[in-house]
Amino acid sequence: SQPWPGPPPQPEILAPTLPRETWASKYEFLLSCLGYCVGLGNVWRFPYLCYRNGGGVFLIPYFIMLLVTGLPLFLMELSLGQYGAAGPITVWKCCPLLKGVGVAMLIVSSLVSLYYNVIMAWAFYYLGSSFQSPLPWSCDAPWNAEICKVVVTWRGCVLQNASGTTGWVSASEVFWNEQVLGVTHSSGLEDPGPVQWPLALCLLAAWILAFLCMLKGIRSSGKVVYFTATFPYLVILILIIRGATLEGSLNGVRFYLSSDWSRLQSAQVWSDAASQIFYSLGIGFGGLISMASYNKFDNNVIRDTLVIAIGNCCTSFFAGFAIFSVLGHMAWRKQVPVGSVAASGPGLAFVAYPEALSLLPGSPFWSILFFLMLLTLGVDTLFGNIEGITTAILDEFPALRDWRRKTAFLAVLCISFYLLGLLLVTQGGIFWFTLIDTYSTGFGLIIVTLIMCLGIAFCYGINQFCQDIVDMICRCPPWCSHMLGYFKVCWAFFTPCLLLFTLIYTFLDMYGVPLRYGTYEYPAWGTSLGVCIGVLTCLQIPLWAAVALCRESGTLSDRFQKATQPLHSWRTATARDVAGDVIDVPFTITLTSSD
């Protein structure tokens with residue numbers, strides 16, 4: 001054998017740290033992941049996309065994108081986290097060159113957590129308002145008498161907004177714009193105005209709730225999900241049953257599922273299907289990697305991937321019946337087409353659907369149920385995002401795992417997010433909310449996920465990655481082996497190609513259609529600021545790659561090769577037993593001399 005060229009490599013010295021927690025049972029992990037994936041987008045975005053893109057026909061590209069993009073990427077993140085038992089930054093010891101992918105995930109999760117809890121604040125506000133009878137946004141409320149008098153005649157009322165234009169709006173929209181947001185007193189991004197203090201208090205309550213639920217890590221959040229992950233299904237079932245008894249509900253369901261086969265020829269339909277799968281599964285945020293890192297080593301990640309991903313998509317589909325059956329009844333009551341009352345995003349959750357609920361007998365009860373459902377949906381998704389942030393930082397700084405230090409860190413994190421989030425609950429906060437929402441999970445997130453997929457496939461090695469999965473599953477059943485062969489093809493070719501297609505279409509859509517909120521068109525500086533948010537996320541990848549290359553020695557080619565090799569501390573399958581405990585395996589190097 002040849003002599004060792006130079007001094008032997010030094011194994012990485014790891015300081016003793018507190019042991020990592022593990023899930024008390026596999027059901028806690030499954031419910032946590034399902035709750036993380038089944039979020040507000042399943043209720044307020046998927047049904048809208050379904051009717052806009054050809055009704056039932058949209059399910060064809062939706063499930064194709066699930067098979068080719070959603071399942072492979074979901075399995076990749078779960079496998080990375082479980083095999084490495086580390087968060088989204090530390091897990092890249094498998095390929096130090098790509099550590100920037102983990103840092104980028106941390107930035108994305110932070111931005112999403114910043115504005116996502118504002119939605120929780122809105123839900124808290126509406127939940128508190130739902131205990132009034134009549135509901136404050138209904139026509140039965142005395143202060144809406146003048147509005148609803150015009151609504152009866154003209155199906156709307158004339159409002160003079162800040163820009164001096166007029167439009168036809170309902171009492172529910174007046175309540176949303178004036179009472180909740182106060183947006184009618186703001187002219188745009190440059191005019192945020194004062195803080196809406198009722199919303200600020202609701203935002204404080206949302207962050208206190210998040211802090212208390214995350215206080216003991218997965219030991220506390222793992223118990224909370226038994227309620228928060230299952231309660232939305234009970235509410236959806238109740239709303240479907242109630243909606244089926246309403247006059248005009250079939251028109252809403254027919255509108256939801258009406259098929260327009262010509263829409264399959266549109267690239268936008270396929271792009272919408274890819275983006276919905278991408279965002280609803282929580283891919284690229286780091287939350288999946290973090291939650292999987294607390295699994296036992298021999299957990300069957302392929303089975304979990306199929307259960308969670310398919311369960312999430314089925315939830316989206318069935319939630320559409322609960323939404324459109326009630327909207328169909330509202331359209332029947334107002335004698336207008338269903339399409340005129342359908343909406344997406346906050347417009348559905350806080351304007352259209354509350355208005356529809358206000359028309360039902362016992363409307364406060366149904367409103368309380370609905371906003372409790374929104375709260376539980378949002379809490380689970382927020383758990384995943386915060387878990388991604390805390391796990392990433394605690395793994396990089398293990399000294400913070402001490403209970404007192406962790407509590408102080410979590411308190412500082414929640415307080416910081418609350419103070420930053422106050423901008424989003426000002427009178428012009430909705431403009432900033434829309435800007436951050438659009439660009440924090442836009443092209444930057446797709447690029448991060450694309451680099452992750454290519455890095456694992458071609459830097460870490462797709463064969464090695466598949467072998468890691470087999471090592472974890474141990475007794476790999478035949479169907480798992482067949483699935484792995486399918487996933488290998490997707491990781492190497494189909495998934496990157498579809499991500500690239502989605503990225504190109506995102507760029508075309510971003511530069512072809514200016515960003516708007518209602519009638520307000522964002523100024524050039526606002527759009528540029530949003531682009532900078534996405535670029536900031538992407539810059540982490542080359543920045544940390546350069547750091548990894550600088551830490552190595554030799555030519556650029558040698559440095560690149562070394563930076564793509566796993567560190568000695570990367571946990572191999574032989575370094576953990578099936579119970580998830582670390583086994584002390586010595587690292588040895590045999591040297592020979594050229595005698």
Side-chain angles (χ1 to χ4, degrees), residues 29 31-42 45 73-74 77-78 81 87-89 91 101-123 203 206-215 217-218 220-222 224-225 228-229 232 278-294 308 312 374-396 406 409-418 420-421 424 433 436-442 444-445 448-449 452 533 536-537 540:
F29 168 70
L31 287 175
S32 296
C33 282
L34 189 61
Y36 172 63
C37 297
V38 178
L40 297 171
N42 297 70
R45 190 166 187 265
L73 290 174
F74 197 90
E77 290 206 25
L78 290 191
I89 297 179
V91 79
V101 171
V103 179
M105 288 180 174
L106 177 62
I107 292 176
V108 171
S109 291
S110 300
L111 290 170
V112 170
S113 299
L114 177 64
Y115 75 79
Y116 204 87
N117 229 15
V118 174
I119 305 174
M120 304 279 291
W122 296 339
L203 182 63
W207 278 115
I208 290 175
L209 176 64
F211 172 77
L212 293 177
C213 292
M214 298 296 299
L215 188 58
I218 61 172
S220 55
S221 65
V224 173
V225 294
T228 57
F278 193 79
Y279 299 127
S280 68
L281 290 178
I283 297 168
F285 295 89
L288 294 174
I289 294 177
S290 297
M291 288 188 286
S293 70
Y294 298 108
I308 297 168
N312 169 70
L374 289 189
L375 273 176
T376 52
L377 286 172
V379 162
D380 285 339
T381 302
L382 188 67
F383 283 169
N385 286 327
I386 297 296
E387 191 62 60
I389 297 169
T390 55
T391 302
I393 295 176
L394 294 181
D395 283 350
E396 287 295 296
K406 182 179 179 181
F409 164 70
L410 189 60
V412 170
L413 187 70
C414 292
I415 292 172
S416 301
F417 277 132
Y418 171 70
L420 291 172
L424 306 183
F433 174 92
I436 299 175
D437 178 32
T438 301
Y439 288 101
S440 63
T441 58
L445 183 61
V448 169
T449 310
M452 177 187 73
I533 293 175
L536 175 65
T537 302
Q540 305 306 313

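Starting from 1, each residue takes its place in the sequence as its number. The analysis underlying the following values was restricted to heavy atoms, covering all of them including side chains, and did not include hydrogens, waters or symmetry mates. Everything numeric here is computed off the predicted structure, so don't read it as measured data.
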Checklist line | For I308 against C37, the heavy-atom pair lying closest together | finding: CG2-SG, 4.1 Å

Check: Heavy atoms, side chains only, cut-off 4.5 Å: are I389 and S113 in contact?
Finding: yes

Check: Y116 versus D437: any side-chain heavy-atom pair under 4.5 Å?
Finding: no

Margin query: Is any side-chain heavy atom of L209 closer than 4.5 Å to one of L375?
Written below: no

Notebook entry, point to check: Under 4.5 Å between any side-chain heavy atoms of E387 and Y36, yes or no?
Noted result: no

Next item on the list: Report yes if some heavy atom in the side chain of L281 is under 4.5 Å from a heavy atom in the side chain of L288; otherwise report no.
Entry: no

Check: Roughly how far, to the nearest 0.5 Å, is CD1 of I415 from CD1 of I208?
Finding: 9.5 Å

Next item on the list: Kindly indicate whether the side chain of F285, heavy atoms from C-beta on, has any atom under 4.5 Å from the side chain of P88.
Entry: no

Item checked: Under 3.5 Å donor-acceptor, D380 side chain and A229 backbone -> yes

Check: Is there a side-chain contact between W122 and I119 (heavy atoms, below 4.5 Å)?
Finding: yes

Checklist line | Side-chain donor or acceptor of N117 paired with backbone N/O of L114 under 3.5 Å | finding: no

Next item on the list: Enter the distance from S293:OG to I218:CD1 here, rounded to the nearest 0.5 Å.
Entry: 8.0 Å

Item checked: Steps toward side-chain contact (heavy atoms from CB on, under 4.5 Å) verdict (F29, L78) -> CA-CA 11 Å; F29 168 70; L78 290 191; 3.9 Å; yes

Item checked: Shortest non-hydrogen contact between L374 and A123, atoms and distance -> CB-CB, 4.4 Å

Check: Is there a side-chain contact between L73 and M452 (heavy atoms, below 4.5 Å)?
Finding: yes

Notebook entry, point to check: What closest approach, in Å, do S440 and V112 show between heavy atoms, and which atom pair accounts for it?
Noted result: OG-CG2, 4.4 Å

Note to self: On a heavy-atom basis, which atom in G284 and which in E77 lie closest, and how many Å separate them?
What the structure shows: N-OE2, 2.6 Å

Note to self: To the closest 0.5 Å, what do you measure between CD1 (I436) and OG1 (T441)?
What the structure shows: 11.0 Å

Next item on the list: To the nearest 0.5 Å, tell me how far L111 CG sits from L106 CG.
Entry: 9.5 Å

Checklist line | Short side-chain to backbone donor-acceptor contact, Q540 and L536, under 3.5 Å | finding: yes

Next item on the list: Over 60° means perpendicular and under 30° means parallel, so classify the ring planes of Y115 and F433, tilted if in between.
Entry: perpendicular

Note to self: side-chain contact (heavy atoms from CB on, under 4.5 Å) for L413 and F211? Distances and angles first, verdict last.
What the structure shows: CA-CA 9 Å; L413 187 70; F211 172 77; over 6 Å; no

Notebook entry, point to check: If you look at every heavy atom in F383 and S221, which pair is closest and at what distance?
Noted result: CD1-CB, 4.3 Å

Margin query: Please report the interatomic distance NZ(K406) to CD1(I393), rounded to the nearest 0.5 Å.
Written below: 12.0 Å

Notebook entry, point to check: Passes side-chain contact (heavy atoms from CB on, under 4.5 Å), N42 versus L377? Steps please.
Noted result: CA-CA 9 Å; N42 297 70; L377 286 172; over 6 Å; no

Next item on the list: Search all heavy atoms of L410 against all heavy atoms of M214 and return the closest pair with its distance.
Entry: CD2-O, 3.4 Å

Next item on the list: With rounding to the nearest 0.5 Å, note down the distance linking OH in Y294 to OG in S32.
Entry: 11.5 Å

Check: So, does D395 use its side chain to make a donor-acceptor pair with the main chain of I89 at under 3.5 Å?
Finding: no

